[in-house]
2 protein chains.
Amino acid sequence: MELRIPLSERTSGGSARERVYAMLREAIVSAELEPGRRLSENELGERLGVSRTPIREALVRLRDERLVAIAPQLGTFVTLISTQAVGDAHFVREALECSAIRLAATRARDGDLAALQANLAAQSHAEADRDATAFDGLDDALHKTLCGLSGHAIAWDLSRRANGHLDRVRRLSLPEPGYLGEMVAEHRSVVAAVAQGDPDAAEAALRHHLRMVLSSLPAIQAAHPHYFEES
Amino acid sequence: MELRIPLSERTSGGSARERVYAMLREAIVSAELEPGRRLSENELGERLGVSRTPIREALVRLRDERLVAIAPQLGTFVTLISTQAVGDAHFVREALECSAIRLAATRARDGDLAALQANLAAQSHAEADRDATAFDGLDDALHKTLCGLSGHAIAWDLSRRANGHLDRVRRLSLPEPGYLGEMVAEHRSVVAAVAQGDPDAAEAALRHHLRMVLSSLPAIQAAHPHYFEES
DNA sequence: GTCCGCGTACTAGGATACAAGTGCGGCACA
DNA sequence: TGTGCCGCACTTGTATCCTAGTACGCGGAC
């Protein structure tokens, strides 16, 4: 009989292929590979110590995320940041996360709420320490957890994957004084609404929170005009 | 000076790579490659007349859509349909399209509405002809147009890409009498709400419409139990 | 001096060759 | 006859080779 189901589920997330993709994405999102830059599969391959095959695989995935554009026989380029793409990314994130949090507000259990509170406490510490890197990690973890509570963890995966352009903007934004504190406060009101089981309030708080990121876009664009498409 | 922008935009959507992906996806969604089936890169390659390279590229994309599962050194398998995955797909589609149509209701112009009406008329013809294939095409076109009117065409792209599991269910559903007519009627009320510029009504109508597809899930599962994961 | 045209060096796309690892069947043995 | 082990055939992962096609620069003609 033909084998129909893989017997051992490969949970090895740390494969070489995945690592190459993660490194490339991080390099692009962090603007280490700046928008508009030309990439060479050969160059990337020798820099990461692998051949073109895994590089190409990663580039295909990044193209699906609109982080690179592949021009046959020409080259591969880090896409310029476009206000349209940023708007699209924000739209997707808002749609998915706001829908998710409505469900989360009706499904969260005490244990879930405890985990959220623990995250918020850690965020306060990161804020006190001015540790933006740690804060970013906690921020993502909080949103991921909230999506997971909806029963549709895929919402976070898709949001993450569609948000390359938005992430680049976020990374470019300079830390303004009081910014972290504001973020923590918004997170607190979102969690509070979830704790009270109020979907409308949770959605409103989250929507407001997500739109904060967009507010810094004009400043970023002014500071790095060559990273953006002329529109 | 370094070349920074590809001068000639490749609009050739009909590349070999894209074709392989489209054919494979269609074969899976239509259940010609039934859920659970083991795939071989070599076999697929010779059947489609290409080497493993483009096949692998397509499989990676299909894995991102959860239509196949790749087990290293073991094989590649068409994923079984799971109620969780179908629910996820529906959740994503509802979140994206309902958010999009709210914007569409406030942005649609007369020309846009005329196009929507033309589509509805064509749907009526397809219904009269009992032409399910033509209807499916018009159905997709209508939803795509509505998403496009929101200004975020990406909503449709993502919805489409996340909806592999849902599409498989849709294709498996047997044509029930009156089903097409019901669909057309729902489409009409959605378009009517958009025409009136009423976001709330449009969202409600679309949400109701999208949930109709899910209602056939239990019957499908009963008819094809071996296509589904045991849950 | 300016402009046109060809050659070179690069690109990605694809095909092939090699490596590492798995499942299954057949064979030896109790 | 039942059972355990070993080897083969197959899988995907990776590396390398070849091909078609593009941009750019140099050289010659005007």
Side-chain angles (χ1 to χ4, degrees), chain A residues 1-24 28 33 36-79, chain B residues 1-24 28 33 36-79:
Chain A
M1 161 160 181
E2 186 187 5
L3 179 61
R4 294 173 63 91
I5 303 193
L7 299 184
S8 64
E9 194 66 28
R10 284 290 171 289
T11 55
S12 65
S15 78
R17 187 174 68 245
E18 203 68 28
R19 201 170 55 242
V20 168
Y21 163 75
M23 291 178 68
L24 239 49
I28 292 174
L33 296 175
R37 167 154 179 178
R38 180 181 191 168
L39 301 177
S40 161
E41 294 180 354
N42 285 319
E43 180 192 340
L44 292 175
E46 50 186 80
R47 190 184 298 194
L48 295 182
V50 296
S51 81
R52 284 179 54 206
T53 308
I55 297 288
R56 287 195 49 184
E57 221 171 274
L59 289 178
V60 167
R61 296 178 65 182
L62 291 170
R63 184 188 54 163
D64 277 348
E65 300 181 28
R66 312 207 183 190
L67 287 177
V68 305
I70 302 177
Q73 276 67 39
L74 244 172
T76 302
F77 302 83
V78 179
T79 55
Chain B
M1 161 158 181
E2 186 188 1
L3 179 62
R4 292 173 65 90
I5 302 194
L7 299 184
S8 65
E9 195 68 26
R10 282 288 168 291
T11 54
S12 64
S15 77
R17 187 176 65 247
E18 205 68 27
R19 201 170 53 241
V20 167
Y21 164 75
M23 291 178 66
L24 238 48
I28 292 174
L33 295 175
R37 168 155 177 176
R38 179 182 191 165
L39 302 177
S40 160
E41 294 179 355
N42 284 318
E43 181 192 338
L44 293 174
E46 52 186 79
R47 188 183 301 193
L48 295 182
V50 295
S51 79
R52 284 179 55 204
T53 308
I55 298 287
R56 280 185 60 87
E57 215 171 282
L59 289 178
V60 165
R61 297 177 66 182
L62 291 169
R63 185 189 52 164
D64 277 349
E65 299 182 29
R66 314 207 182 190
L67 287 177
V68 305
I70 302 177
Q73 275 70 41
L74 243 171
T76 302
F77 302 82
V78 180
T79 55

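Chain A is the first sequence line, chain B the second, and so forth, proteins listed ahead of strands; every chain is numbered from 1.
The CZ atom of Arg47(A) sits 10.0 Å away from the CE atom of Met23(A) when rounded to the nearest 0.5 Å. For the atom pair CD1 (Ile28(B)) and CG (Leu62(B)), the distance works out to 5.0 Å, reported to the nearest 0.5 Å. Interatomic distance, CZ of Arg61(B) versus CG of Asp64(B), reported as 9.5 Å (0.5 Å rounding).
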Starting at the 5' end of nucleotides 5-11 of chain D, put B wherever the base has a protein heavy atom under 4.0 Å, S where only the sugar-phosphate does, and a dash everywhere else. ------B
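Taking atom OH of Tyr21(B) as the reference point, atom P of dG13(C) lies 17 Å away to the nearest angstrom. Between the CZ atom of Arg52(A) and the C1' atom of dC17(D) there is a distance of 10 Å, rounded to whole Å. Regarding Arg56(A), its CZ atom lies at a distance of 14 Å from the P atom of dT11(C), rounded to whole Å. Rounded to whole angstrom, the span from the CZ atom of Arg63(A) across to the C1' atom of dG13(C) amounts to 12 Å. For the pair Glu18(A) CD and dT12(D) P, the computed distance is 18 Å after rounding to whole Å.
Listed nucleotides dA15(D), dA15(C), dG13(C) differ in distance to Thr53(A); the shortest reach to its side chain belongs to dA15(D).
Within the nucleic acid shown, Arg17(A) comes within 4.0 Å of sugar-phosphate atoms alone, with no base atom in reach, counting heavy atoms only.
Annotation: Arg63(B), atom CZ; neighbour count of heavy atoms from other residues, nucleotides and ligands within 6.0 Å is above 12.
Judged purely by atom type and a 3.5 angstrom limit, Arg38(A) uses its side chain to pair as donor or acceptor with the backbone of Leu74(A).
With a 4.5 Å cut-off on side-chain heavy atoms, Thr53(B) and Arg56(A) count as touching.
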